[in-house]
2 protein chains.
Amino acid sequence: MPSAAVDEIIDVLRAAGERITTAKRALVSELLGSTAHVTAEELIERVQKVHPDVNKSTIYRILHSLEAHGIVEHVHLGHSAAVYHLSGKTHHHLVCESCGRVQEVPEATLAAIARKLRHDFGFSANLRHFAISGHCETCG
Amino acid sequence: MPSAAVDEIIDVLRAAGERITTAKRALVSELLGSTAHVTAEELIERVQKVHPDVNKSTIYRILHSLEAHGIVEHVHLGHSAAVYHLSGKTHHHLVCESCGRVQEVPEATLAAIARKLRHDFGFSANLRHFAISGHCETCG
DNA sequence: CTCGCTGCAAAGCTTTTGCACTAGA
DNA sequence: TCTAGTGCAAAAGCTTTGCAGCGAG
């Protein structure tokens with residue numbers, strides 16, 4: 001919705017030599033209007049509510065392009081579809097295997113382990129890509 | 001292969017009231033004979049090499065049952081098929097997003113973070129279920 | 001003899017792809 | 001104009017399911 005924010009992202013694509021289309025503008029707008037944890041299917045639905053002709057393969061293709069430009073990321077919360085969000089809002093996800101509850105924890109919480117993995121194994125971990133599975137307080 | 005080990009697992013199933021079938025015995029045997037990181041498809045292939053009539057849905061069903069009894073676990077290393085292994089061999093997986101290399105790290109490496117998550121959020125993390133994504137030393 | 005297990009085929013679900021057409025620059 | 005982007009339909013990849021028959025106990 002915030003048109004200025006949309007333009008900011010669209011400009012990145014333009015600068016990269018991409019053509020600016022209705023579908024791209026619409027998708028970026030929905031991404032900005034979404035709180036978090038949106039599946040591709042939900043995005044398709046929302047975009048199609050405004051532009052019914054936009055096809056799902058187009059959404060997937062644009063999502064890939066946005067990822068390639070570092071604008072969005074996708075996260076696997078569990079066995080079902082991946083969820084997408086803008087790269088800015090970075091946090092980790094604790095997903096309860098019993099009740100499915102998703103708890104967000106600030107990036108700093110896991111900074112120590114990322115540091116350790118880099119130091120001990122030379123591995124730059126992206127602890128956001130896959131959620132952290134487990135059991136929440138209530139489910140034991 | 002080690003028939004004694006097979007029997008040990010089979011006995012767990014028997015004790016749980018399950019019927020012991022050729023497919024179960026064969027699958028357990030293959031699991032014991034596999035080093036690690038076996039996909040369902042690979043297991044199907046190996047079992048069928050000995051018992052060509054065993055169907056893939058049977059393998060999937062048995063794998064579920066073995067998981068329910070805590071005998072095997074499955075891990076998601078990336079976007080492709082899950083890999084299975086016996087619950088005993090617990091370690092974490094660092095998967096390079098660039099070259100796909102899988103590096104195993106001992107469970108103790110991440111013990112601190114599990115403790116922190118439990119203390120701060122009451123969350124019992126199973127850091128094995130999803131691999132840790134990132135970039136390995138050589139890929140930067 | 002009973003009912004849990006299995007084979008088979010088909011479907012489910014998410015994501016990708018080939019191809020011809022459309023429209024952005 | 002020129003070709004990146006798109007719509008459509010179909011397929012791919014992994015896993016699940018319905019159903020009828022088989023076989024373990």
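Chain naming here is simple, since letters A, B, ... match the order of the sequence lines and numbering starts at 1 in each. Excluded from the calculations below are hydrogen atoms, water molecules and symmetry mates; all remaining heavy atoms, backbone and side chain alike, are included.
Each end of the helix from C:dC1-D:dG25 to C:dA25-D:dT1 yields a helix axis from five base pairs, and these two axes differ in direction by 30° (to the nearest 10 degrees).
Atom CZ of B:Arg25 and atom C1' of C:dT6 are 17 Å apart (whole Å). Atom CG in A:Leu43 sits roughly 14 Å away from atom C1' in C:dT15 (whole-Å rounding). When the P atom of D:dG5 is taken as reference, atom CG of A:Leu63 falls 15 Å away, rounded to whole Å. Whole-Å rounding puts the B:Ile44 CD1 to D:dG13 P distance at 15 Å. The distance between atom CG of B:Leu77 and atom P of D:dG13, rounded to the nearest whole Å, is 19 Å. Between B:Asp53 atom CG and D:dG23 atom P there is a gap of 10 Å when expressed in whole angstrom units. Rounded to a whole Å, the NE2 atom of B:His51 is 17 Å from the C1' atom of D:dC22. Across the protein-nucleic acid pair, B:Lys24 atom NZ and C:dC5 atom C1' stand 7 Å apart, rounded to whole Å.
Under the 4.5 Å side-chain criterion, counting only non-hydrogen atoms from C-beta, A:Cys99 is in contact with A:Cys136. Annotation: side chain of A:Thr109 is in contact with side chain of B:Phe121 (closest heavy-atom distance under 4.5 Å). At a threshold of 4.5 Å between non-hydrogen side-chain atoms, the residues B:Glu104 and B:His92 do not count as touching. Annotation: side chain of A:Leu43 is in contact with side chain of A:Leu63 (closest heavy-atom distance under 4.5 Å).
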- request: Starting from the C-alpha separation in whole Å, work towards a yes-or-no answer on side-chain hydrogen bond (donor to acceptor under 3.5 Å, both in side chains) for A:Ser34 and A:Arg46.
  value: CA-CA 10 Å; A:Ser34 304; A:Arg46 293 185 199 182; 2.8 Å; yes
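Within residues 10-23 of chain B, the residues having any heavy atom under 4.0 Å from DNA chain C are, by residue number, B:Glu18, B:Arg19, B:Thr21, B:Ala23.
Annotation: side chain to side chain donor-acceptor pair (under 3.5 Å) contacts of A:His51 (sequence neighbours excluded): none. Partners of A:His37 according to the ring pair (Phe, Tyr, Trp, His ring centres under 6.0 Å) rule, which considers only residues two or more places apart in sequence or in another chain, are A:His93. Qualifying ring pair (Phe, Tyr, Trp, His ring centres under 6.0 Å) partners for B:His129, counting only residues two or more places apart in sequence or in other chains: A:His79, B:His74, B:His76.
Taking OG1 from A:Thr39 and OH from A:Tyr84, the interatomic distance works out to 9.0 Å, rounded to the nearest 0.5 Å.
In this structure, A:Gln48 contributes its side chain and A:Val54 its backbone to a donor-acceptor pair below 3.5 Å.
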- request: Indicate for each nucleotide in nucleotides 14-21 of chain D, in 5' to 3' sequence, whether protein heavy atoms under 4.0 Å reach the base (B), only the sugar-phosphate (S), or nothing (-).
  value: SBBBB---
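Heavy atoms of other residues, nucleotides or ligands lying less than 6.0 angstrom from CD of A:Glu41 number 12 at most.
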